[in-house]
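Convention: sequence-line order gives letters A, B, ...; per-chain numbering from 1. Values in this document were obtained by computation on a predicted structure and should not be read as measured data.
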Number of protein chains: 2
Amino acid sequence: MTHYSRGVETQHAILNSALELFSKNGYDATSVAEICTMANVSKGAFYHHFPSKQDLFLALMRTWLSDVDNLFQSAGEETATIPEVIENLAAIAGGIFDALEGGFPILLEFWTQANRQPEVWRRAVEPYQQFLGFFTELVQTGMEEGSFKEDIDPEVAARVLTSVAMGLLLQATFEPKGTDWQAVTRSGIGLLLAGMRKI
Amino acid sequence: MTHYSRGVETQHAILNSALELFSKNGYDATSVAEICTMANVSKGAFYHHFPSKQDLFLALMRTWLSDVDNLFQSAGEETATIPEVIENLAAIAGGIFDALEGGFPILLEFWTQANRQPEVWRRAVEPYQQFLGFFTELVQTGMEEGSFKEDIDPEVAARVLTSVAMGLLLQATFEPKGTDWQAVTRSGIGLLLAGMRKI
DNA sequence: TTATAAATACCGACCAGTCGGTCTGTTTTT
DNA sequence: AAAAACAGACCGACTGGTCGGTATTTATAA
């Protein structure tokens with residue numbers, strides 16, 4: 001039985017409160033005092049665990065990114081034709097809409113902050129580049145195995161694929177209700193794949 | 001010859017400075033004092049022309065939205081098959097990348113603010129809904145004229161089309177250089193259209 | 001087990017500075 | 001003379017972060 005540590009618990013309380021407040025009001029409009037109040041923690045405790053408000057934000061981002069990464073890792077396991085793999089990924093991406101319910105506003109906040117703070121930018125863009133490269137390679141392989149047309153630029157296709165994901169995520173952020181985003185994602189990617197498939 | 005008015009000029013100075021600062025640093029991180037300094041205007045002058053910082057932001061958004069709207073109006077003029085119209089629109093959307101050079105960060109700011117302030121949300125989502133409806137109708141017409149497959153859901157297709165646009169815009173915001181976004185947009189939409197076309 | 005020392009976690013008053021916005025008065029245009 | 005435009009000192013509320021002190025947990029030794 002592992003000891004339960006006080007410190008770890010307050011850290012989680014702070015992280016959870018921060019996630020909620022940053023999502024709702026944004027980074028700048030959320031004060032450290034607010035976070036502390038919601039987490040039932042004193043300011044001293046806050047600065048004992050996090051060097052700065054910035055650092056808290058980065059910690060939050062790290063967690064989120066690794067969560068998403070884990071979700072995607074589970075897709076490349078079964079071997080199949082590339083279009084099937086992409087369809088799998090689309091289904092998983094669609095699942096994110098449910099799994100991270102209400103977690104999109106924070107993504108918007110990540111993007112906003114990434115656009116101003118080089119440190120945030122670096123940490124956000126790096127996984128994105130990796131993601132893009134992964135997709136590019138996927139399309140490339142699909143062309144080699146004869147699933148896709150020969151005149152496709154793999155990088156363009158990869159960018160468009162991620163665009164669909166990002167764009168739908170953004171739309172879902174503003175209209176969370178009334179649309180089955182999982183289904184839209186699936187058939188949207190399906191549409192794109194139809195355009196890429198060799199007839 | 002119309003009189004040149006002092007007031008109008010300071011208004012423009014304020015708007016321009018605000019656009020630049022909001023884009024670079026975000027709404028919250030930009031102070032009214034900063035805007036005034038950059039615009040060579042006193043705080044008194046600022047609050048003479050704008051009731052509040054909020055109101056300045058809304059004015060900025062109104063201008064931006066109408067600019068974009070004007071850009072798009074010029075696309076539905078020639079009569080052609082629907083796929084051609086969409087290709088036209090893609091070319092124009094691609095042109096926005098050049099026309100509004102560096103104007104994307106402010107778009108990100110619009111989205112962020114829309115997610116917290118109902119007033120901003122209302123004013124931003126309304127044109128977006130209109131835009132979406134326009135696209136849905138376009139796809140519908142394309143199906144009726146026999147250009148598109150029959151099993152397509154027009155609304156889904158419209159959402160995916162806008163997603164591609166939004167997603168590419170977002171990607172372009174983070175990597176302004178090194179990629180010909182106009183070309184990527186064109187061929188990206190082309191890929192999607194290929195998937196929608198009746199064979 | 002118990003006494004004690006060291007380390008960790010926590011508290012909240014406090015600081016210097018910034019914020020959006022107001023207000024009184026002056027200058028410029030009509 | 002009246003109205004519109006502008007200047008900038010000023011205000012209270014609030015900010016991220018600090019700091020001296022206290023409580024709690026853990027390690028050590030008797």
Exercise. Quick one: is the NZ or CZ of A:Lys53 closer than 6.0 Å to the six-membered ring centre of A:Tyr47, and within 45° of its axis?
Worked result: no
Exercise. Counting only non-hydrogen atoms, which of residues 46-53 of chain A are less than 4.0 Å from DNA chain D?
Worked result: A:Tyr47, A:Ser52, A:Lys53
Problem set entry | Distance in angstrom units between A:Arg6 CZ and C:dT8 P, rounded | 13 Å
Problem set entry | Electrostatic pair A:Glu20-A:Lys24, nearest N-O below 4.0 angstrom | no
Taking only distance into account, with no hydrogens and no angle test, what donor-acceptor pairs under 3.5 Å do side-chain atoms of residues 133-140 of chain A form with protein atoms, sequence neighbours excluded?
from	atom 1	to	atom 2	distance (Å)
A:Thr136	OG1	A:Leu132	O	2.8

For this session: Could you tell me whether the phosphate oxygens of D:dC6, OP1 or OP2, come under 4.0 Å of any side-chain nitrogen or oxygen in B:Thr10?
Result: yes
Exercise. For B:Gln130, does the CD atom have more than 12 heavy-atom neighbours from other residues, nucleotides or ligands under 6.0 Å away?
Worked result: no
Exercise. Is it true that A:Arg116 and B:Glu109 have a side-chain N and a carboxylate O under 4.0 angstrom from each other?
Worked result: yes
Exercise. Has A:Glu87 got more than 12 heavy atoms of other residues, nucleotides or ligands less than 6.0 Å from its CD?
Worked result: yes
Exercise. Between A:Gly44 and B:Lys43, which is nearer to the 5' end of DNA chain D once each is assigned its nearest nucleotide?
Worked result: B:Lys43
Problem set entry | A:Ile35 CD1 - D:dG16 P separation (whole Å) | 8 Å
Problem set entry | A:Gln117 side chain near A:Gln54 side chain, heavy-atom distance below 4.5 Å | yes
For this session: In sequence, state the C-alpha distance, the side-chain angles, and the governing distance for B:Trp64 and B:Phe110, and then conclude on ring-ring contact (aromatic ring centres under 6.0 Å, His included).
Result: CA-CA 10 Å; B:Trp64 197 90; B:Phe110 290 158; 5.8 Å; yes
Exercise. In whole angstrom, what separates A:Phe57's CZ from D:dG17's P?
Worked result: 14 Å
Problem set entry | Residue-level proximity of residues 25-33 of chain A to DNA chain D when a heavy atom falls under 4.0 Å | A:Thr30, A:Ser31, A:Val32
Exercise. Once you round it to whole Å, what is the distance between C1' of D:dA4 and CD of B:Gln11?
Worked result: 12 Å
